[in-house]
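Structure first, commentary second.
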Amino acid sequence: MAICLFTDFGAGDLYVGQVEAVLDRLAPGVRVIHLLHEAPAYDLKAAAHLLAALAAGLAGGHVLIGVVDPGVGTGRGAVVVRADRHWYVGPDNGLFSVLAARAAQCAVWRIAGAPAGASRSFHGRDVFAPIAAALALDDFPGARLAPADDLSVRIGGDDLAEIIYIDHYGNAWTGLRAEALPHDRVLVVADREIPHAGVFGEAPPGAAFWYANSSALVEVAVNQGSAANVLGLETGMAIAWR
Amino acid sequence: MAICLFTDFGAGDLYVGQVEAVLDRLAPGVRVIHLLHEAPAYDLKAAAHLLAALAAGLAGGHVLIGVVDPGVGTGRGAVVVRADRHWYVGPDNGLFSVLAARAAQCAVWRIAGAPAGASRSFHGRDVFAPIAAALALDDFPGARLAPADDLSVRIGGDDLAEIIYIDHYGNAWTGLRAEALPHDRVLVVADREIPHAGVFGEAPPGAAFWYANSSALVEVAVNQGSAANVLGLETGMAIAWR
Amino acid sequence: MAICLFTDFGAGDLYVGQVEAVLDRLAPGVRVIHLLHEAPAYDLKAAAHLLAALAAGLAGGHVLIGVVDPGVGTGRGAVVVRADRHWYVGPDNGLFSVLAARAAQCAVWRIAGAPAGASRSFHGRDVFAPIAAALALDDFPGARLAPADDLSVRIGGDDLAEIIYIDHYGNAWTGLRAEALPHDRVLVVADREIPHAGVFGEAPPGAAFWYANSSALVEVAVNQGSAANVLGLETGMAIAWR
């Protein structure tokens with residue numbers, strides 16, 4: 001069981017190491033895996049769909065700290081979620097609600113307050129990391145948790161027909177699970193019609209295509225190029241089908 | 001005890017992994033924590049204040065390798081510093097002098113020469129990492145160290161009324177410790193007057209405020225926005241109070 | 001023995017953590033070292049020379065996963081290479097051919113197919129990581145490998161008189177090994193004549209120079225500045241001598 005981080009802390013910034021230092025102190029032998037630190041900072045809907053897809057792809061059972069948290073330090077609640085085989089620790093602001101809605105089994109606990117001396121602006125380090133460390137050591141921190149009926153903010157588990165993430169190659173991830181989509185459909189985004197291809201090398205260099213990506217989501221890509229640049233794509237754009 | 005890295009090597013560049021490979025060979029079971037690899041490359045004053053704040057926030061005792069080192073390979077010295085509960089290994093160019101001046105207890109050793117075959121331009125990998133590995137294993141490398149009275153370059157431990165770091169959200173960190181500052185003061189930077197708020201969610205979206213950040217420094221921020229962009233902030237700008 | 005990653009996955013993107021999660025599951029106690037995740041994505045010649053230089057500088061013996069793989073999912077083969085003291089796992093597209101040509105001892109195996117359920121676009125996670133995990137545990141995965149006479153794509157081991165990488169400081173790495181080059185030679189790039197200096201501090205601030213860098217390659221740099229910006233350098237530019 002590893003501790004996986006999914007945050008908007010910035011991969012090159014000074015927040016991630018501080019979280020890892022707390023985890024090292026409280027759960028010394030546990031590996032820390034950095035899933036993403038460039039999650040969309042102010043788009044909880046996109047972040048929730050992206051986290052659900054990444055978590056579904058992780059074999060085994062892990063503790064995931066999720067932090068996309070513009071309301072940190074205000075009245076928003078914080079939760080521990082057990083959804084199928086993973087634990088999740090983070091804000092009760094919708095971030096975990098897509099994966100919770102899709103889970104076969106789901107339980108929720110509210111996190112009661114913060115430890116003495118906790119920063120009001122860095123709950124990832126001072127509130128969530130200590131709880132995640134305890135969970136990773138199979139030491140359920142019951143004294144700090146209260147069972148709850150459900151999450152307070154619920155986005156729901158339906159697919160999202162929008163671009164939710166653009167990777168550094170310029171590939172555009174959508175919130176659509178690809179499983180059930182027939183390959184003869186034409187995807188429409190930014191007024192452009194995009195045909196299907198099985199993988200990058202099946203499209204001519206420079207050509208746009210959609211495919212089922214390695215996280216089982218519909219992705220718009222350009223072979224050896226940037227779909228974001230070529231097609232002018234941005235997070236939040238709507239996807240349609242023809 | 002972990003080995004913490006604070007450098008200007010670039011989080012996405014090919015230097016960090018080479019240091020970690022040396023640490024893995026010489027101190028195989030010791031965790032490596034990446035505090036920051038985007039430290040200001042040519043501003044030792046800013047880097048020294050930032051390192052002092054980050055190190056003060058680390059619980060436990062660690063070995064910190066600090067590398068902001070434009071003079072690598074020239075006559076500048078190199079040191080090991082024991083300041084309160086942490087060890088520090090790096091250049092004797094002022095980088096450790098803020099934290100040393102603030103420490104209740106401090107001892108300094110000069111690093112004598114470099115191992116055979118060491119690169120002249122990458123002391124982080126070839127000189128500092130082997131010493132840090134030995135310290136992390138509680139194996140004081142006395143043969144390579146000579147006790148010294150003090151650091152050669154001393155910036156001093158006073159607060160610095162300047163912007164010392166801008167994070168990826170666009171928040172501007174200053175070198176001012178927030179502890180003693182009354183909250184009714186108005187901060188002035190770039191000819192703008194900035195009021196206090198307790199945390200992001202207490203300011204209206206788009207509004208600038210100052211607050212005591214999670215490393216106990218005064219920070220200028222904009223709720224759900226970039227203070228750097230909105231206010232035109234840059235590292236080195238002066239802070240005043242009204 | 002650590003598992004070292006050299007990829008174009010992007011240091012801040014969501015691919016690296018997925019590979020690390022697989023490695024954690026299959027080789028739990030083995031350290032993962034991130035050599036570079038910003039390798040040139042579509043320039044296999046540059047990537048092959050850079051990987052050869054980095055691997056030569058690693059002490060001990062490691063398993064390296066190398067992924068610069070624009071042809072993933074098409075007919076390109078995949079290989080395991082044993083070259084001197086390291087193992088390499090990745091595509092058979094030339095990436096390992098520079099280091100293989102320079103090795104005193106080299107053996108090659110073809111990877112036969114992909115595990116059931118493997119993504120067609122993310123062999124780093126689904127094909128290469130499981131094999132690397134087995135190798136790191138000294139458990140040669142013979143059932144998935146077939147001995148081969150040689151790599152299919154061979155760039156050769158000769159030096160490359162081009163810029164192969166520009167680091168975040170703006171230093172320009174070349175594919176020329178510096179060992180045999182006399183220091184009185186003048187390097188010519190982008191119509192500019194560049195003299196030798198031993199290290200950054202020996203050149204005046206703002207002045208360009210070439211030197212033998214910490215990976216034993218010829219590098220063009222500017223003291224306290226960006227050679228890429230000052231000289232207008234880009235990957236692929238030719239190097240000459242006068």
Side-chain angles (χ1 to χ4, degrees), chain A residues 2-3 5 7-34 37-44 67-77 91 93 114-115 117-130 133 168, chain B residues 1-13 16 29-39 50-51 53-55 57-62 64 86 164-171 173 178 197-203 205 209 211-217 219 221 223-226:
Chain A
I3 297 173
L5 306 183
T7 80
D8 64 2
F9 290 164
D13 216 329
L14 43 62
Y15 300 102
V16 177
Q18 295 181 62
V19 173
E20 195 155 352
V22 171
L23 296 173
D24 174 59
R25 183 163 53 87
L26 301 179
V30 176
R31 194 190 297 250
V32 177
I33 293 175
H34 303 279
H37 292 299
E38 305 285 349
Y42 309 117
D43 186 342
L44 278 160
V67 187
V68 176
D69 196 9
V72 64
T74 63
R76 73 99 183 88
N93 61 5
S119 158
R120 287 185 66 189
S121 59
F122 198 176
H123 286 192
R125 180 190 68 188
D126 296 341
V127 179
F128 306 145
H168 81 291
Chain B
M1 180 177 282
I3 297 173
C4 300
L5 306 183
F6 176 95
T7 80
D8 64 2
F9 290 164
D13 216 331
V16 176
V30 177
R31 196 190 296 249
V32 177
I33 293 174
H34 302 280
L35 288 181
L36 185 64
H37 292 299
E38 304 285 348
L50 193 56
L51 176 56
L54 287 177
L58 290 175
H62 298 292
L64 288 96
H86 300 309
I164 62 169
Y165 180 70
I166 293 179
D167 72 18
H168 82 291
Y169 301 104
N171 303 323
W173 293 45
V199 73
F200 287 75
E202 288 184 4
F209 63 100
Y211 78 118
N213 77 8
S214 57
S215 291
L217 294 179
E219 178 179 312
N223 186 20
Q224 299 189 37
S226 163

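Because the structure is predicted, anything quoted here is derived from the model rather than measured. Sequence lines set the chain letters: A, B, ... in the order given, protein chains first and strands last, and positions in each chain run from 1.
In this structure, B:A11 and A:A11 approach most closely via the heavy-atom pair CB-O, 4.2 Å. Scanning both residues, A:S121 and B:Y211, for their nearest heavy atoms gives OG-CE1, 3.6 Å.
With a 4.5 Å cut-off on side-chain heavy atoms, B:I33 and A:Q18 do not count as touching. Between B:L35 and A:V16, every side-chain heavy-atom pair lies at or beyond the 4.5 Å cut-off. Looking only at side-chain heavy atoms (C-beta outward), A:E20 and B:R31 come within less than 4.5 Å of each other.
Looking at B:L54, the atoms closer than 4.5 Å to chain A (heavy atoms on both sides) all sit in the side chain, from C-beta outward. Looking at B:L58, the atoms closer than 4.5 Å to chain A (heavy atoms on both sides) all sit in the side chain, from C-beta outward. Looking at A:A21, the atoms closer than 4.5 Å to chain B (heavy atoms on both sides) sit in the backbone and in the side chain alike. In this structure, the portion of B:V32 lying under 4.5 Å from any heavy atom of chain A is its backbone and not its side chain. Contact annotation for A:R76: neither backbone nor side-chain heavy atoms come within less than 4.5 Å of a heavy atom of chain B. For chain B, no part of A:D126 is nearby; none of its heavy atoms comes within less than 4.5 Å.
Between atom CG of residue A:D24 and atom SG of residue B:C4 there is a gap of 8.0 Å, rounded to the nearest 0.5 Å.
The residue among A:E38, A:R25, A:R120 with the most heavy atom pairs within less than 4.5 Å of chain B is A:R120. For the set B:F200, B:F6, B:W173, the count of heavy-atom pairs under 4.5 angstrom toward chain A peaks at B:W173.
Donor-acceptor pairing under 3.5 Å is recorded for the side chains of A:Y15 and B:D167.
Without hydrogens or angle criteria, B:H168 side chain to A:F9 main chain gives a donor-acceptor distance under 3.5 Å.
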>> Assess the residue pair B:Y169 and A:D13 against the criterion (side-chain hydrogen bond (donor to acceptor under 3.5 Å, both in side chains)); give the C-alpha distance rounded to whole Å, side-chain angles, the decisive distance to 0.1 Å, and a yes or no.
In response: CA-CA 9 Å; B:Y169 301 104; A:D13 216 329; over 6 Å; no

